[in-house]
Amino acid sequence: MAFTRATGKHRRPSRLTRTTANVAGVAALTTTGVIGGLAAPALAADDAAALEHTGLTQAVSVGDSLAESIDAQAAAQQQAADAAAAAKKAEEAAKKKAEEAKRKAEAEAKAKAKKEREAKERAAREAERKRLNTYVSPISGSYVSTGYQTGGAMWSSGSHTGVDFHAASGTAVHAVGSGTVVEAGWGGAYGNNVVIKMNDGTYTQYGHMSSLGVTVGQAVTPGQQIGLSGSTGNSSGPHLHFEARTGADYGTDIDPVAYLRSHGVNV
Ligand SMILES: [Zn+2]
């Protein structure tokens, strides 16, 4: 018997003691056969020699022990399987949690980016709106050389209907604000001139220009170049004649300096 342990008086493992007890139990219940032939007291007695006759019994006993061992092994395997299942479950839960956290972080980053983009767009729109409502001087860094309503034989109306900005011939002339070109061409005493209907309903006029850079119907923005200064028409020398009017017609002129100043231009 492979599982039969060599017996010896001086080596009685505790397992064998248990086995003996089991065999005693079996013997007590059995009335026939090999096992029945064995006297329980003989086994109960501390006699190693008696065990030598109990090959079959011992096999059963060892079998029990083996079953116990298998049970224990099965239990251990079940425990290992349970532990593995628990570990897998925990791993899946952690993975799911990590995925959720990732999704949440991505959604938050997306929302933040959207918010920032919208704020940027709002700021850009606001800046553009502000720019379009800004007024500038028609000649950068210049000054008024002849004031509004100055009297003299020079003007057909008897007085100056606008102001003259000092400007050498060929200086860039700018639209003072946002509007639409309603006149671009020869204007008699005004020479080459441009009239712009401003977005606020007023009109601005630019005269004596050497060349024009815009056409009727064209929309212009503050500071946009509309031509070059000159001395065309009824002019004593190169400069820009600038007028502001409440209407399209001649005679509706207003103080151009006050007009520009009311729009924040430092002149
Ligand atoms: Zn003038």
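First listed ligand is number 1; within each ligand, the first listed atom is number 1. Nothing fancy with the numbering, it's 1 onward along the sequence.
The Zn ion (ligand 1) lies under 2.8 Å from an N, O or S atom belonging to His241. For the Zn ion (ligand 1), the N/O/S atoms of His239 include none lying under 2.8 Å.
Under a 4.0 Å N-O distance rule, the pair Glu243/Arg245 qualifies as a salt bridge.
When each of Asp255, Asp253, Thr161 is tested with Tyr148 by the rule side chain to side chain donor-acceptor pair (under 3.5 Å), just one qualifies, namely Asp253.
Angle NE2(His160) to the Zn ion (ligand 1) to OD1(Asp164): 100° [nearest 10 degrees].
Atom CD of Gln224 and atom CD of Gln218 lie 6.0 Å apart (nearest 0.5 Å).
Transitive grouping of hydrophobic side chains (ILVMFWY, heavy atoms separated by less than 4.5 Å) keeps Ile226 and Tyr190 in distinct clusters.
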